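Presented below is the structure to which this report refers.
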Number of protein chains: 2
Amino acid sequence: MKKKVSIKDIAAHLNISITTVSLILNGKSKEVGLSDILNEKVLKYTKEIGYKPNLLAKSLRTGKTKIICLLVENIADPFFSSIAGFVEELATQRGYKIIYGSTKNDPAKTSELISLFKDRHVDGFIIAPTEELEADINNLLSEHVPLVLFDRYYPAIDTDQVVVDNFDSTYKAIQMLIAQGYKNIAFVTLESDQSQMHDRLGGYLKVMEVHGLTPCVQKIAYESVEQDACTLIKQLLSTDIPVDALFFGTNYLTLKGLEVLKDLDIAVPRDIGVISFDDHEVFKLFTPGITAVVQPVALMSEKIVELLLEQIDHKADVRQKKKIVVPGFLNVRNSTGQKK
Amino acid sequence: MKKKVSIKDIAAHLNISITTVSLILNGKSKEVGLSDILNEKVLKYTKEIGYKPNLLAKSLRTGKTKIICLLVENIADPFFSSIAGFVEELATQRGYKIIYGSTKNDPAKTSELISLFKDRHVDGFIIAPTEELEADINNLLSEHVPLVLFDRYYPAIDTDQVVVDNFDSTYKAIQMLIAQGYKNIAFVTLESDQSQMHDRLGGYLKVMEVHGLTPCVQKIAYESVEQDACTLIKQLLSTDIPVDALFFGTNYLTLKGLEVLKDLDIAVPRDIGVISFDDHEVFKLFTPGITAVVQPVALMSEKIVELLLEQIDHKADVRQKKKIVVPGFLNVRNSTGQKK
DNA sequence: TTTTAAAACTAAACCGATATAGTAAATATT
DNA sequence: AATATTTACTATATCGGTTTAGTTTTAAAA
């Protein structure tokens, strides 16, 4: 109903130029030498009428939107929603707003999202990249769009990135299983070449090799987790080799695994040990609670925002790309135990 | 690196006016009588160079952003993330983009989010309102901003809204418990006057009264669910009256309740029956699975988008507000059973 | 043949801000 | 007293589109 008031209306009402109003509203009053009296007058009036500048116009002119785009695999996943929460908090403190998107691990969808948000002139991207996204990432890079990858990265592309030490955290988790006496430890993971899955698998294979144990890996395609995960895990459990522990590469695979174990009436940890990569709020509700590798989400978020803002603030400079690796740690519950 | 090409560059390159280019790109060629030859030429060239109009400029001029804001309690909650998924799908089909925000049931935060997105000139709002948001809602209404409330509403405010029949679905769920022989059925809910919680409680009280049973209600403040829920539920279970069934007003309260039952070694459904309002992906993983009232999310999403687009498309018209109530239904698992 | 109408296109205003390049008056300097 | 500086502001171009109000050329009608 009430027509929006513009900077022009304010200038007219106060009988001054729009330039002056703009300068004052942007705190440049001192800098350019406007009188305190006028400064106060404008500030008082704009506050009084509750003036809000048109951000579209502002962005069009300045080329900045103060919006950062955060692309995660699935915003409903506890790991990603937790990162989202922290990143939003930190970005807000620095005057930025966050806009989300879920990639669902679909390269085409992700590519579209990137294009969409680029069209919307976001000031930077934080992305947990899917596979086959190299072209889009290189494209952003070549256009000098501020960008931080997290959770995963491309070994062949030089980007700012923040990831957990997937290799090492997996190594240590499996090592604990081995120390507890487990021998036939199976690794259930995604059929994926994404770096994080690659490194988790690498850590598993390495530690198994070091201890002279035979690895056993079950891979499941992301798209068919809903349909096939249970079947495949069941198959895994019905081979000749009696699996005595399961390590799941992601928390949602763990959930699937638990569904199977329930179906098959296999008791944890009596019949089988279980560890999940990535925690989940419901893991503590199971009997026993499910042990999980957890990532230092707060720390990662800090690093992510820090790296991105460095790029946004010093866009012109040629800055060395920074690659940050943070340690993961085990949240030990009772889904594994000393084997007699 | 490569400078963005504008409509002006295109006009210059083809030796025509920018008006013509704009008209053609917006498909108004026929309408205003531009020749097919020219039309083709422009379309071909813009496609060739991959021209993308500056959406900021476009929005500034037209006043439309083609963005819809969806404000939910918590995007990580299965109910809301599911609504979000459907709404996004439907909106995309109609050329709109969705931008999310989580209110966390905090009126101040929500108010800020609304203001933020209004500043960003979204074309409409879909909101699961918190308490104490009447002022903001009325404000949007008075400015004729397209708006649909869902999940909850304000009885005193005339808005478009889509909700499940909270009263009736609760009534029927409790009725099943009663039919199975449960007598001391407790209702665990939020300390909240939000319409959905109010109606769920209403359904419970009514059916208890009809069957001459004594109601027993435990209320928990949203902000302190993390801290206090477990304690309060424990208290509830240690009164003189032996509670034989628990109905939880939300899925996250159910999760808390299950944590308590596990702690106290109370078996479901042997010692106690359990029903949740709103389903959760992990309910099927429990032994036994948890019975839940589920909302017809796809249908609700359709209605929500339909109502909002009606408003956006016919902004000028004075249109009667529409209030839609859809039925909920029970997803019966085994967390309740016939009492002997 | 002149007038009218239709077809095909365009100049310029506008959306609402910021940024650049000035200007007028007051004060300081020579 | 003449000139240079500083102080306090401002006119106008600009961002990149859309929209309004024309204009020119050609075909149809009088």
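Lettering follows sequence order; numbering is per chain, from 1. None of these values were measured; they are calculated from a predicted model.
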> Which residue pairs pass the ring pair (Phe, Tyr, Trp, His ring centres under 6.0 Å) test when at least one of the two sits in residues 73-94 of chain A, sequence neighbours left out?
Replying inline: none
>> Between C1' on C/dA19 and CD1 on A/Ile7, what's the gap in Å once rounded to a whole number?
In response: 12 Å
> B/Lys118: what forms a salt bridge (charged side-chain N to carboxylate O under 4.0 Å, His left out) with it, not counting sequence neighbours?
Replying inline: B/Glu143
> How many Å lie between CG on B/Leu60 and C1' on C/dC15, as a whole number?
Replying inline: 4 Å
>> Tell me the interatomic distance from B/Lys64, atom NZ, to C/dG16, atom P, rounded to whole angstroms.
In response: 14 Å
> Over its full length, what angle do the end axes of the helix from C/dT1-D/dA30 to C/dT30-D/dA1 make, each axis taken from five pairs and the result rounded to 10 degrees?
Replying inline: 70°
>> Filter on ring pair (Phe, Tyr, Trp, His ring centres under 6.0 Å), then keep only pairs touching residues 4-44 of chain B, sequence neighbours left out; what's left?
In response: B/His13-B/Tyr45
> So, B/Ser111 side chain and B/Pro107 main chain: donor-acceptor pair closer than 3.5 Å or not?
Replying inline: no
> Roughly, in whole Å, what's the span from CG in A/Leu56 to C1' in C/dT18?
Replying inline: 15 Å
>> A/Val326: which residues meet the side chain to side chain contact (heavy atoms under 4.5 Å, CB included) condition with it, sequence neighbours left out?
In response: A/Val164, A/Pro296, A/Leu299, A/Met300, A/Ile324
> Can you check the A/Ile10 CD1 to C/dA17 C1' distance for me, whole Å?
Replying inline: 11 Å
>> Going by salt bridge (charged side-chain N to carboxylate O under 4.0 Å, His left out), name the residues that satisfy it together with B/Lys322, two or more places apart in sequence or in a different chain.
In response: B/Glu310
>> Rounded to whole Å, how long is the line connecting atom CG of A/Asn54 with atom P of C/dT18?
In response: 10 Å
>> What range of DNA chain D does chain B touch, first nucleotide to last, counting atoms under 4.0 Å from its heavy atoms?
In response: D/dG16 to D/dT20
> NE2 of B/His121 versus C1' of C/dA17: gap in Å, rounded?
Replying inline: 11 Å
> Looking at residues at least two apart in the chain, or sitting in another chain, which of them share a side chain to side chain contact (heavy atoms under 4.5 Å, CB included) with B/Ser195?
Replying inline: B/Arg152, B/Tyr153
> NA contact type, A/Lys30, heavy-atom cut-off 4.0 Å: base, sugar-phosphate, or nothing?
Replying inline: nothing
>> Under the rule for salt bridge (charged side-chain N to carboxylate O under 4.0 Å, His left out), what residues qualify as partners of B/Lys30, not counting sequence neighbours?
In response: B/Asp36
>> Could you tell me how far apart A/Lys8 (NZ) and C/dA17 (C1') are, to the nearest whole angstrom?
In response: 11 Å
> A/Glu31: what forms a salt bridge (charged side-chain N to carboxylate O under 4.0 Å, His left out) with it, not counting sequence neighbours?
Replying inline: none
For nucleotides 9-11 of chain C, list the nitrogen or oxygen atoms of the protein found under 3.5 Å from its nitrogen or oxygen atoms, one pair per line.
residue: C/dC9; atom: OP2; partner: B/Ser35; partner atom: N; Å: 2.8
residue: C/dC9; atom: OP2; partner: B/Ser35; partner atom: OG; Å: 2.9
residue: C/dT10; atom: OP2; partner: B/Ser17; partner atom: N; Å: 3.1
residue: C/dT10; atom: OP2; partner: B/Ser17; partner atom: OG; Å: 3.4
residue: C/dT10; atom: OP2; partner: B/Thr20; partner atom: OG1; Å: 2.6
residue: C/dA11; atom: N7; partner: B/Thr19; partner atom: OG1; Å: 3.3
residue: C/dA11; atom: N6; partner: B/Thr19; partner atom: OG1; Å: 2.6

> Taking A/Thr103 for the side chain and A/Asp106 for the main chain, is one N or O donor matched with an acceptor at less than 3.5 Å?
Replying inline: no
> Which pairs pass side-chain hydrogen bond (donor to acceptor under 3.5 Å, both in side chains) with one or both residues in residues 88-99 of chain B, sequence neighbours excluded?
Replying inline: B/Glu88-B/Tyr100, B/Glu89-B/Gln93
